[in-house]
Amino acid sequence: RMFNLSDQERGAIENNQDLDQIYIDIIQNLLSNLAEAEKHQLFGDGPLSESLKGWDRQSLLHSLRALATPDAVRLMGKATLLDDYRQRSTLLFIREEIDEAFSDLEEIEGGMDQLPNALANAPLCDGTTLKERITFGCEVCKINQEESGITVTVKRDGKLEEIKASYTLCTIPFSVLRRIEVQGFSGSKKIRDAIQGLGYQSSTKVLVNCDRRFWEFDGIYGGKSLTDQAIKQTYYPSDNYQQRNRQVSEGPGVLLGSYTWGATALRIGALDQEARGQFVVDGLKRFHPNIKDHLNSEDPFVSMAWDQYSYAAGAFSSSYPHDLQMFFPDAGRPAGRLFFAGEHLSPYPTWIQGALWSALQAVKQIVLA
């Protein structure tokens with residue numbers, strides 16, 4: 001961790017106060033005052049209680065300011081990297097604490113793309129694979145629902161085509177769906193409002209491609225570095241954590257040089273690819289002064305700013321105050337023959353887990369339709 005701290009904040013650290021623990025203690029205290037029924041309500045089991053509605057109306061920053069000193073709030077922002085994220089509903093953070101969202105994370109060895117590839121190549125009951133049934137290279141332009149079915153208009157190779165179906169499952173993020181023409185929409189007002197108004201979070205990631213894992217010679221095998229510079233978080237590959245093989249360390253490796261949210265992500269995302277990479281490397285030099293000596297000369301950087309990507313228009317859903325009671329659970333209900341799924345409609349927003357959960361719910365809805 002590398003932070004610019006006031007004397008009072010530095011004193012708190014020197015007195016062995018854990019920065020993260022201040023935040024955790026406050027959230028756990030809020031959680032301890034909830035009844036068991038209220039905890040279940042946060043995951044879709046019944047309407048929200050008046051107490052939960054009150055917390056939903058408050059941003060995390062509002063709640064922290066009411067429960068902690070300004071210095072403590074500033075410390076929590078640095079330690080938890082919530083400075084650019086705490087305008088969201090307090091209930092989001094209470095729900096994450098209930099679910100222990102960061103305690104059992106898993107990774108797929110060999111790359112996360114193995115998950116969609118495995119699904120695409122899985123055999124179906126007719127002997128084909130899902131990949132054979134997918135039409136790639138199409139952009140949805142219009143969804144028209146009629147009594148007999150649904151027509152989806154797509155653009156492929158510059159030409160418009162119509163695809164007709166009895167039912168349609170729409171997994172398009174609401175941040176994108178709100179700019180697509182939808183006709184014959186028989187959904188409730190809450191679904192329409194959610195499509196137009198559900199909050200989305202900005203995020204930017206910058207990968208730094210190195211010809212040598214120089215950090216492993218400093219004893220860093222996995223984990224992350226935190227800083228109050230604009231680059232915020234740096235993550236190190238963990239595949240050599242157990243073996244600590246020197247040959248692997250001598251070989252190439254990729255750093256997640258910067259992972260940012262909110263306003264910081266927007267600022268970095270506004271730069272072009274080359275400028276983003278240079279900006280991040282300049283930040284990394286503060287704790288890895290020799291990083292420029294190990295950059296891959298042909299392809300040193302790759303990055304993604306989800307706000308700049310037209311088919312995402314944001315990294316993931318992230319409810320603002322009042323969103324949970326305004327939009328859910330109605331936003332996940334079908335509108336006639338049109339069904340919806342995605343992490344944005346689940347109790348686990350931002351996570352692949354949420355997308356899978358939502359997909360199962362949507363399949364049940366279609367089967368029972």
Checklist entry - Considering residues at least two apart in sequence or located in another chain, which fulfil the ring-ring contact (aromatic ring centres under 6.0 Å, His included) criterion with Y241? => result none
Item to check | Non-hydrogen atoms of A313 and R179 that approach each other most closely | outcome: CB-NH1, 4.2 Å
Next on the checklist: Any side-chain to backbone donor/acceptor pair from N240 onto N245? Under 3.5 Å, distance only.
Outcome noted: yes
Checklist entry - Can you get from L91 to I98 by hopping between Ile, Leu, Val, Met, Phe, Trp and Tyr side chains that sit under 4.5 Å apart? => result yes
Checklist entry - Short question: side chain of D56, backbone of Q325 - any donor-acceptor pair under 3.5 Å? => result yes
Next on the checklist: For the residue pair K224 and Y235, would you count it as a cation-pi contact if the rule is NZ or CZ under 6.0 angstrom from the ring centre and within 45 degrees of the ring axis?
Outcome noted: no
Checklist entry - So, the side chain of R276 versus the backbone of L271: is there a donor-acceptor pair under 3.5 Å, distance only? => result yes
Checklist outcome for this item: Sequence neighbours excluded, the answer for ring-ring contact (aromatic ring centres under 6.0 Å, His included) partners of W351 is F102
Next on the checklist: Within the 3.5 Å criterion, strictly below it, is a donor on R267 or T264 matched to an acceptor on the partner's side chain?
Outcome noted: yes
Next on the checklist: Working to the nearest 0.5 angstrom, can you tell me the gap between K164 NZ and E146 CD?
Outcome noted: 6.5 Å
Checklist entry - How close do I220 and G222 get, heavy atom to heavy atom, and via which atoms? => result CG2-O, 3.7 Å
Next on the checklist: Quick check: do R212 and E250 have side-chain heavy atoms less than 4.5 Å from each other?
Outcome noted: yes
Next on the checklist: Tell me if a side-chain donor or acceptor on Q114 pairs with a main-chain N or O of E109 at a distance below 3.5 Å.
Outcome noted: yes
Checklist entry - Side chains of D307 and Y200: does their closest heavy-atom pair fall under 4.5 Å? => result no
Next on the checklist: With a 3.5 Å distance limit and no angle check, can you tell me whether E161 reaches the backbone of V154 through a side-chain donor-acceptor pair?
Outcome noted: no
Checklist entry - Going hydrophobic residue to hydrophobic residue with side-chain gaps under 4.5 angstrom, can you get from I24 over to L67? => result yes
Item to check | L266 CG to D84 CG distance, which is reported to the nearest 0.5 Å | outcome: 9.0 Å
Checklist entry - Are any of the side-chain heavy atoms of R95 and S89 separated by less than 4.5 Å? => result no
Checklist entry - Do you know which two heavy atoms are closest between E216 and Y221, and how far apart they sit? => result O-OH, 3.3 Å
Item to check | Geometric cation-pi criterion, R213 with Y236: 6.0 Å, 45° | outcome: no
Next on the checklist: Checking the side chain of Q273 only, and the main-chain atoms of S303 only, is there a donor and an acceptor separated by less than 3.5 Å?
Outcome noted: yes
Next on the checklist: According to a hydrophobic-cluster definition based on side-chain heavy atoms being under 4.5 Å apart (Ile, Leu, Val, Met, Phe, Trp, Tyr only), do L169 and V152 belong together?
Outcome noted: no
Item to check | Verify same cluster id: V363, Y167 (apolar side-chain graph, 4.5 Å) | outcome: no
Item to check | Spacing of OG belonging to S63 relative to CZ belonging to F93, to within rounding of 0.5 Å | outcome: 9.5 Å
Item to check | Any side-chain heavy-atom pair of S319 and F327 under 4.5 Å | outcome: no
Checklist entry - Looking at R133, E132, K131, which one forms a side chain to side chain donor-acceptor pair (under 3.5 Å) with T129? => result E132
Checklist entry - Under 3.5 Å, side chain of Q145 to main-chain N/O of G184, donor-acceptor pair present? => result yes
Next on the checklist: Using modelled atom types and a 3.5 Å cut-off, is there a donor and acceptor pairing between side-chain atoms of S203 and backbone atoms of W261?
Outcome noted: no
Checklist outcome for this item: Taken to the nearest 0.5 Å, the spacing of I268 CD1 from T260 OG1 works out to 4.0 Å
Next on the checklist: Tell me whether the rings of Y348 and W357 are parallel (<30°), tilted (30 to 60°) or perpendicular (>60°).
Outcome noted: perpendicular
Item to check | P70 side chain near V73 side chain, heavy-atom distance below 4.5 Å | outcome: no
Checklist entry - Do L324 and W55 have side-chain heavy atoms sitting under 4.5 Å apart? => result no
Item to check | Verify same cluster id: I352, L130 (apolar side-chain graph, 4.5 Å) | outcome: no
Checklist entry - R337 side chain to E147 main-chain N or O, any donor-acceptor pair under 3.5 Å? => result yes
Next on the checklist: Within the 4.5 Å heavy-atom criterion, are L82 and Y23 side-chain neighbours or not?
Outcome noted: yes
Checklist entry - Nearest 0.5 Å, what's the OG-CD distance between S202 and Q308? => result 9.0 Å
Item to check | Over 12 non-hydrogen atoms of neighbours within 6.0 angstrom of CG in L160 | outcome: yes
Next on the checklist: Can you give me the closest heavy-atom contact between I191 and P334, atom names plus distance?
Outcome noted: CD1-O, 4.3 Å
Checklist entry - CG of L115 to CG of L356: how many Å apart, nearest 0.5 Å? => result 6.5 Å
Item to check | Any side-chain heavy-atom pair of L345 and F174 under 4.5 Å | outcome: yes
Item to check | Result of checking V140, I134, T135 against C138 for side chain to side chain contact (heavy atoms under 4.5 Å, CB included) | outcome: T135
Next on the checklist: Could you go through D282 and K292, starting from their C-alpha distance and side-chain angles, then the distance that decides it, and tell me whether this counts as salt bridge (Lys or Arg N to Asp or Glu O under 4.0 Å)?
Outcome noted: CA-CA 9 Å; D282 287 342; K292 284 196 172 182; 3.7 Å; yes
Item to check | Residues in side-chain hydrogen bond (donor to acceptor under 3.5 Å, both in side chains) contact with R88, at least two apart in sequence or another chain | outcome: S318, Y320
Item to check | Donor-acceptor under 3.5 Å (Q41 side chain, L52 main chain) | outcome: no
Next on the checklist: With a 6.0 Å cut-off (strictly less than), is the heavy-atom count around CG of D157, excluding the residue itself, greater than 12?
Outcome noted: no
